[in-house]
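Here the structure is laid out as C-alpha cells; the discussion comes afterwards.
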Amino acid sequence: TMSGIIETTTLDRVVGACTGVHEMLDLCKVGRFDAYFQVLEVQTRGRKDWRPHYMNARPRPRRYCALHFASQQGNRKAVEKFVDEGADPLVLTRSVGRKE
C-alpha cells in the first residue's frame with residue numbers, strides 16, 4: 001500500500017499514484033484529506049453524483065470508509081466536507097467477525 005510514503009510525498013505525486021478506493025482510503029488513514037478530495041475529483045471525472053459511491057465505499061477487508069477516518073481523527077473540516085459532498089453520515093463500520 002501507499003501508506004508508508006504518503007506523508008512525505010508531494011500532493012501531485014500522491015494524486016497521480018492513486019488508482020482506486022484502497023489507495024484513496026490510505027490517504028484518509030494518514031490524514032491526507034486534501035489529496036483524497038483531489039483524487040476524488042479525478043476518479044469521478046468531476047461528476048458529483050458519482051462521489052457518494054467512492055466516499056461510502058468500504059472494500060474488504062477495510063472496516064472504515066473515508067468519513068470514518070475523518071471522524072476518528074477529529075477532523076471537523078473534513079467531516080463537514082464529506083457530508084457536503086454527499087457522504088452518508090449514517091454509514092456503519094464493518095464489525096470484525098460479523099458476516100455481511
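When a residue number appears, it is its place in the shown sequence, counting from 1.
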With sequence neighbours excluded, what pairs up with Phe37 under the ring pair (Phe, Tyr, Trp, His ring centres under 6.0 Å) test? Phe82
Could you tell me which residues satisfy side-chain hydrogen bond (donor to acceptor under 3.5 Å, both in side chains) with His53, sequence neighbours excluded, listed by chain and number? none
State the [atom1]-[atom2] distance between [X] and [Y], to the nearest 0.5 angstrom.
{"X": "Tyr36", "Y": "Met55", "atom1": "OH", "atom2": "CE", "value": "6.5 Å"}
{"X": "His68", "Y": "Lys29", "atom1": "NE2", "atom2": "NZ", "value": "15.0 Å"}
{"X": "Phe69", "Y": "Leu25", "atom1": "CZ", "atom2": "CG", "value": "6.0 Å"}
{"X": "Arg47", "Y": "Glu41", "atom1": "CZ", "atom2": "CD", "value": "12.5 Å"}
{"X": "Met24", "Y": "Tyr54", "atom1": "CE", "atom2": "OH", "value": "7.0 Å"}
{"X": "Trp50", "Y": "Thr44", "atom1": "CH2", "atom2": "OG1", "value": "7.5 Å"}

Check whether any side-chain N or O of Glu23 sits under 3.5 Å from a backbone N or O of Gly20 as a donor-acceptor pair, and report yes or no. yes
Ignoring hydrogens, what is the shortest heavy-atom contact between [X] and [Y]? Give both atom names and the distance.
{"X": "Ala57", "Y": "Val21", "result": "CB-CG1, 3.7 Å"}
{"X": "Arg94", "Y": "Arg62", "result": "NH1-O, 2.6 Å"}
{"X": "Phe33", "Y": "Ala70", "result": "CZ-CA, 3.4 Å"}

Pairwise salt bridge (charged side-chain N to carboxylate O under 4.0 Å, His left out) hits with a residue in residues 64-74, at least two apart: none
Under 4.5 Å between any side-chain heavy atoms of Asp34 and Arg32, yes or no? yes
Expected list for residues 83-92: side-chain donor-acceptor pairs under 3.5 angstrom, two or more places apart:
| from | atom 1 | to | atom 2 | distance (Å) |
| --- | --- | --- | --- | --- |
| Glu85 | OE1 | Arg51 | NH1 | 2.5 |
| Asp88 | OD1 | Leu90 | N | 2.8 |

May I have all residue pairs that pass side-chain hydrogen bond (donor to acceptor under 3.5 Å, both in side chains) and include part of residues 70-79, sequence neighbours excluded? Arg76-Glu80
